[in-house]
Visitor: 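Just passing along the structure, written as structure tokens.
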Amino acid sequence: MTTETFEFQVEARQLLQLMIHSVYSNKDVFLRELLSNASDALDKLRLEKLRDDSLDADVSDLHIEIDVDKEARTLTVRDNGIGMSYDEVGQLIGTIANSGTATFLKELREAQDAASAEGLIGQFGVGFYSGFMVADEVTLVTRRAGEGQGTRWTSRGESTYTLEKADDAPQGTSVTLHLKPADPENQLHDYTSPWTIKQIVKRYSDFITWPIRMVPEAADGEDAPEPETLNSMKALWARSRDEVSDDEYHELYKHISHDWREPLETIRLQAEGTFEYQALLFVPSHAPHDLFTRDFKRGVQLYVKRVFIMDDCEALLPPYLRFVKGVVDAQDLSLNVSREILQQDRHIRMMQRRLTKKVLSTIKEIKTKDADRYATFWREFGTALKEGLVTDSENRDAILAVASFATTHAEDEPTTLAQYVERMKDGQDDIYYITGESRQSIENSPHMEAFRDKGIEVLLLTDAVDEVWVDAVGEYEGKKLRSVAKGEIDLDGEKDEKAEGEREKQAEDYAGLLGWMREQLDEDIKEVRLSARLTVSPACVVSDAHDLTPALENMYRAMGQEVPRTKRILELNPGHPLVKNLNEAYKEREDRSGLVESAELLHTLAVLAEGGQPKDPARFVKLVADRLERTL
Ligand code: ADP
């Protein structure tokens, strides 16, 4: 029989090195990871057999078995589930496909000390490889259900692993850990002790729905005793609240989420009546790295009458709650139910509505009761939740009630819309906001000048989704949401006649320049006007109230949609010497060709000031350099 040797993929090798030299203090969790994989393998086989009755597999006694051998110092976790083919072993065990892991490794390399490295391991969870925290060699023997031939995989966790055919492999997978030498200082973590194993199973894996068996040690001279089932297999979601400890809930969370940290909140819902179901949902305490990628696996697990049906069941929660993990167990669905059927099922839609409301009301409760926990929640998941303002009009008010936003009112304390409205000045009718890349860039934008001057609060919105929801929502409690960079802004409220007269005179005085500039800048600008926004800067560009902002335009283009370029409006500050002088020069000269560059520069400065890019950076630099030279 031939044995082939393979190199681990680079990421896998790094991860293994990390496990071998692991600083992770809670090494017991390797067993949870192996049991979790075994339990998934049993679920998969049961489902496959259900779909295809002709599959040549034995499903009469699906279970997990743990064997310890004190003498040989080995620990084996065996399941009679789906197993893996020869090729699958190479793919699944030899490489790391999870994109989050690459991020994880990068952060890990940058982690300064052991404590932060440990924190990172806890964040990501490393599945099968965690066995190398406690073993110096791992052997995996597996046979895919329905196939004749098995496979043996072995590795010492260094750079290579071996694969060979195994003729005698039973259906399913067994993972044997050759444990590192015993640590006499640390009896509690002696993984050849049945007592230790029992404690760990009880602690981390009690709820697994398949029996986890272990054969107790035989006393000298006696026959081998009957195997003992270590877990209660009770579905936590079906038990009453006072029967289950927080710890038990948290372990279930870790089992289904592959997160090693505690969840932020546990949500229980028991629906009785014609369509009965139980839900146990968790809000994680940290957003996963791939929350905003297209292939993020969203949704909770679906069970039917205690039997696992599918992972990532999208139909149960809307996309903006995709970070919620958990289990939903429905009593009246068919075991054969498919994703397509679920999408159309009336009961499932009702369930989704109810679960959504329950999650939102729980967030509201957190917000009322615990400011710190709410702050964590919003920091991690606020951006996702805001998508709901656009897509879920039914729950818009509930989402707005728990949403908060950065504001000019306070440096690091976000505000709700309700708080904003309470602080609004006499005579202020609208809620003002500004959108952009970062707080710093928008706080210093020229659009803010008059607002800062008059002490009017502005919301600082820096997520891409902000551009969209403000339009979708439009108003809050009868107050319009208005961008400080859109439309005409007049903050003076009541106008006295004197000021009015002055303004008219100014308009007359500038009429020529404004019209001329509009012609010069025709490619990008549809109107040039005097500004009520500016106090310090000479000029700024604004959009019409109903135009797309540049950021939105870019967003649509990035999504591959064709959008026409929107011309914008240039506003000049008649109080600024540069603008005044330009106007004087305009009025004095017959030949204005020398002013064209000044008009162009003024426009580019306005674009730069709001964080935009000059259309032709090289030309801009040349114009500025020429002018600087002349001033020397
Ligand atoms: P994860 O479980 O997070 O996907 P692992 O490294 O633990 O990562 O496992 C990688 C893959 O190997 C699993 O997704 C599964 O497809 C396969 N696998 C692991 N253990 C078993 C098992 N006991 N039976 C069948 N397949 C398994």
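Please read these numbers as outputs of a predicted model, since none were measured by experiment. Order of appearance sets the numbers: ligands from 1, and atoms from 1 within every ligand.
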Visitor: Looking only at heavy atoms, is any part of Lys44 under 4.0 Å from ligand 1, and if so is it the side chain, the backbone, or both, or is it neither?
Guide: side chain
Visitor: Under 3.5 Å between any N/O of Tyr129 and any N/O of ligand 1: does that happen in this structure?
Guide: no
Visitor: As an exercise, identify every atom of ligand 1 less than 4.0 angstrom from a heavy atom of Thr173.
Guide: 22 (C), 23 (N), 24 (N), 25 (C)
Visitor: Is ligand 1 under 4.0 Å from a heavy atom in the side chain of Leu92, in the backbone, in both, or in neither?
Guide: both
Visitor: Salt bridge check, Arg78 against Glu65: does any charged N sit closer than 4.0 Å to a carboxylate O?
Guide: yes
Visitor: What atoms of ligand 1 come closer than 4.0 angstrom to any heavy atom of Gly127?
Guide: 7 (O)
Visitor: If you look at every heavy atom in Leu34 and Val77, which pair is closest and at what distance?
Guide: CD1-CG2, 4.1 Å
Visitor: Heavy atom under 4.0 Å from ligand 1: found in Ile93's side chain, backbone, both, or neither?
Guide: side chain
Visitor: Check if His258 has a non-hydrogen atom at a distance under 4.0 Å from any atom of ligand 1.
Guide: yes
Visitor: Indicate yes or no for a side-chain donor-acceptor contact from Asp463 to the backbone of Asp466 under 3.5 Å, with no hydrogens or angles considered.
Guide: no
Visitor: Taking only heavy atoms of Phe128 into account, list the atoms of ligand 1 that are under 4.0 Å away from them.
Guide: 5 (P), 6 (O), 7 (O)
Visitor: Using a 4.0 Å heavy-atom threshold (strictly under), name the region of Asp79 that reaches ligand 1: side chain, backbone, both or neither.
Guide: side chain
Visitor: Less than 6.0 Å separating the ring centroids of Tyr191 and Phe30?
Guide: yes
Visitor: Could you check whether Lys305 pairs with Glu276 (Lys NZ or Arg NE/NH1/NH2 to Asp/Glu carboxylate O, under 4.0 Å)?
Guide: no
Visitor: Can you tell me how far CD of Gln9 sits from CG of Leu16, rounded to the nearest 0.5 angstrom?
Guide: 10.5 Å
Visitor: In plain terms, say whether Asp246 and Arg241 are close enough for a salt bridge, that is, a side-chain N and a carboxylate O under 4.0 Å apart.
Guide: yes
Visitor: Can the ring centroids of Phe128 and Trp153 be said to lie less than 6.0 angstrom from one another?
Guide: yes
Visitor: Return a yes/no value for Gly83: is any of its N or O atoms, backbone included, closer than 3.5 angstrom to an N or O of ligand 1?
Guide: no
Visitor: Which option wins on minimum heavy-atom distance to atom 20 (N) of ligand 1: Asn80, Val175, Asn37?
Guide: Asn37
